[in-house]
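Structure, as structure tokens:
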2 protein chains.
Amino acid sequence: MAQLNNVTPLFKDLAKVEHEHNIACKECSLYRLCLPLGLHSNDLAQLDKIIKRSQSYTRGQPLFATDTPFKSIFVVRSGSFKTTVQASDGREQVTGFYFPGEFIGMDAIYEQAYKSTAKALESSSVCELPFEKLQEFGATMPQLQVQMMSRLSKELSGDKTLMFLLGKKTAEEKLATFLLSLSRRFQDRGFSAREFQLSMSRGDIANHLGLAVETVSRLFTRFQDEGLINIQGKAISLVDSDKLKQLCG
Amino acid sequence: MAQLNNVTPLFKDLAKVEHEHNIACKECSLYRLCLPLGLHSNDLAQLDKIIKRSQSYTRGQPLFATDTPFKSIFVVRSGSFKTTVQASDGREQVTGFYFPGEFIGMDAIYEQAYKSTAKALESSSVCELPFEKLQEFGATMPQLQVQMMSRLSKELSGDKTLMFLLGKKTAEEKLATFLLSLSRRFQDRGFSAREFQLSMSRGDIANHLGLAVETVSRLFTRFQDEGLINIQGKAISLVDSDKLKQLCG
DNA sequence: AAGGCGCATTGACCTGGATCAATTATCAGT
DNA sequence: ACTGATAATTGATCCAGGTCAATGCGCCTT
């Protein structure tokens, strides 16, 4: 329950020590989730040199904006981010939420410009990977290229799943799926799969799932009434994740 | 109007000559849309050797099925394909349509298994790129890796756009956007942006856009009544693409 | 040319979730 | 501790687009 009331930024503790210091990749607590995985240690040392480490962002601060030139890919170090695409009429779609070890900005490689906006959801930090350097290194480190492609492919695969969710699932299924996806990601990062903080607003969740805020709010209440979850503000606890799993469709 | 009544497979003529012969990449009419773009000619010759060329598929025939091991990426040579993701309850989402020069199967790299199904929409052919070989070559041809990443990134970027469409657009906006996207792709391939054949069924279109078949059918009729398009079966002609552009939102 | 089958169209009706509106929490800043 | 702003909840109503049902149209097969 202590964790439920913990209002410090998500994952802060995970990278607490490293946050202020320029710790090397191989000492980083995110190592096994991150890009360098599988590199030889001399290659890793090389990579280490080009990474701009632990840049900090506060809640709402943009990591990059739409239509700015592409320079770097970012890896979340601590905290969390959201990405959105906008239409000229102001409508926008939250295309993803990003947690430590996840990559942001890969969809900009082709156009050589960011086609989305990334914003911090809380106090967060990233490692910046200058893409040009990454390419240079790739020439001598095929393993790095494989890793990069693998990452791109993973996001692609996730996007297809999201397309299914947006196109075919009901509101209930959407929200259940979303909660379990978060749960799994928290678990992968060594946190409780049962209790965590939602760093994004109800509005962000609704937008991401193609729903209205009111619908999300009502569903949270209903899920709680039905004993599936326990939610209080940003603190959520998955009481019956089996039932939740069934609701995913 | 002749083209409207042309019932031969889409793009057949584009790759007609090459279709039966094992023509080299640099002689291929799709060259400027395809992977080898930007490779040095000796690298290209190498690549040429590993490509399994012009395999043919008939309407409805699967290129690969969900959960089969990942071996190759495919490039459409002629005709067209659709990809779908399925849920256990039978629901499925058409995640994309693919035309000559476009890549299929890139979302399988990470999982090392296809997580979607690809089916030919008409008589079609592909070039198969064995991924393992592609990786080997990548070690000595950084340019190839860049191309691959660029491709992956392009699809990623397209998927985000599709997410916006699925999550935020009205039925009318969805269909208008879809038609113009097709139009642009036909144009890129040297065909008329105004008149073309829809190789996919109304059902496929509806599914892809997160709509019911009936809605798509009604919209086609309405667009025609309003003088925006001319449609007769699979043959469509964009009469007022400016107005159509306005409808995209 | 007749029958059959899948696809497409059209009409009538219904509903899940959006929208509108009114409170009520929550929280950041002083 | 107070306060204004922003986010979240809850209720009432509405409508875009889904569902159901009937019919029409190619197109293939014999």
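These values consider heavy atoms only, across backbone and side chains, with no hydrogens, waters or symmetry-generated copies. Proteins come first, then strands; the chains are lettered A, B, ... in the order of their sequence lines, and each starts at number 1.
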Starting from [atom2] on [N], measure out to [atom1] on [X] and report it in whole angstrom.
X      : N      : atom1 : atom2 : result
A:L209 : C:dG16 : CG    : C1'   : 16 Å
A:D204 : D:dT6  : CG    : C1'   : 13 Å
B:L219 : C:dT10 : CG    : P     : 12 Å
B:Q224 : C:dA8  : CD    : C1'   : 13 Å
A:Q232 : D:dA8  : CD    : C1'   : 13 Å
B:L175 : D:dA16 : CG    : P     : 17 Å
B:R222 : C:dT9  : CZ    : P     : 15 Å
B:L121 : C:dG6  : CG    : C1'   : 16 Å

With heavy-atom distances below 4.5 Å as the criterion, would you say the side chains of A:C28 and A:R77 are in contact?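 They are in side-chain contact.
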Checking the side chain of [X] only, and the main-chain atoms of [Y] only, is there a donor and an acceptor separated by less than 3.5 Å?
X      : Y      : answer
B:S72  : B:F74  : no
A:Q93  : A:Q86  : no
B:T83  : B:A118 : no
B:R189 : B:P100 : yes
B:S116 : B:V85  : no

For B:R218, enumerate each residue passing the salt bridge (charged side-chain N to carboxylate O under 4.0 Å, His left out) test, keeping only those at least two apart in sequence or located in another chain.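 Partners of B:R218 by the salt bridge (charged side-chain N to carboxylate O under 4.0 Å, His left out) criterion come out as none, since no residue qualifies.
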Under a 4.0 Å heavy-atom cutoff, the residues of residues 161-170 of chain B touching DNA chain C are none
Pairs: protein N or O with nucleotides 28-30 of chain C N or O, under 3.5 Å:
none

OP1 or OP2 of C:dT10 versus the side-chain N and O atoms of B:T221: is any pair under 4.0 Å? yes
Could you tell me whether A:G233 contacts a base, only the sugar-phosphate backbone, or nothing, with contacts defined as non-hydrogen atoms closer than 4.0 Å?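 Since no nucleic acid heavy atom lies under 4.0 Å of A:G233, the category is nothing.
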For B:S201, answer base if it contacts any base atom (sugar-phosphate contacts may also be present), sugar-phosphate if it contacts only those atoms, and nothing otherwise; contact means non-hydrogen atoms under 4.0 Å.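 The residue B:S201 makes sugar-phosphate contact but no base contact.
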Nearest-nucleotide pick for B:S217, side chain only, options being D:dA8, C:dG17, C:dT9: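 So the nucleotide nearest the side chain must be C:dT9.
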Residue B:L211, side-chain heavy atoms: nucleotide from D:dG18, D:dA8, C:dT9 that is nearest: D:dG18
Can you tell me how the ring of A:F70 sits relative to the ring of A:Y114, calling it parallel under 30°, perpendicular over 60° and tilted otherwise? perpendicular
A:K174 or A:K234, whichever maps to the more 5' nucleotide of DNA chain C: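 Closest to the 5' end, via its nearest nucleotide, is A:K174.
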Just checking, any donor-acceptor pair under 3.5 angstrom between side chains of A:T66 and A:T117? yes
Can you tell me which residue pairs pass the side chain to side chain donor-acceptor pair (under 3.5 Å) test with a partner in residues 238-249 of chain B, sequence neighbours excluded? none
Electrostatic pair A:R91-B:E173, nearest N-O below 4.0 angstrom: yes
Under 3.5 Å, which donor-acceptor pairs link side chains of residues 153-162 of chain B to any protein atom two or more places apart or in another chain?
| unit_1 | atom_1 | unit_2 | atom_2 | d |
| --- | --- | --- | --- | --- |
| B:S153 | OG | A:M106 | O | 3.0 |
| B:S153 | OG | A:D107 | O | 3.3 |
| B:S153 | OG | A:I109 | N | 3.1 |
| B:S153 | OG | A:Y110 | N | 2.9 |
| B:K154 | NZ | A:Y110 | OH | 3.4 |
| B:E155 | OE2 | A:K160 | NZ | 2.6 |
| B:E155 | OE2 | B:Y98 | OH | 3.0 |
| B:D159 | OD2 | A:K160 | NZ | 3.2 |
| B:K160 | NZ | A:E155 | OE2 | 2.6 |
| B:K160 | NZ | A:D159 | OD2 | 3.2 |
| B:T161 | OG1 | B:S157 | O | 3.1 |

For nucleotides 19-23 of chain C, print each protein N/O atom paired with a nucleotide N/O atom at under 3.5 Å, atom names and distance only.
| unit_1 | atom_1 | unit_2 | atom_2 | d |
| --- | --- | --- | --- | --- |
| C:dT19 | O4 | A:R218 | NH2 | 3.0 |
| C:dC20 | N4 | A:E214 | OE2 | 3.0 |

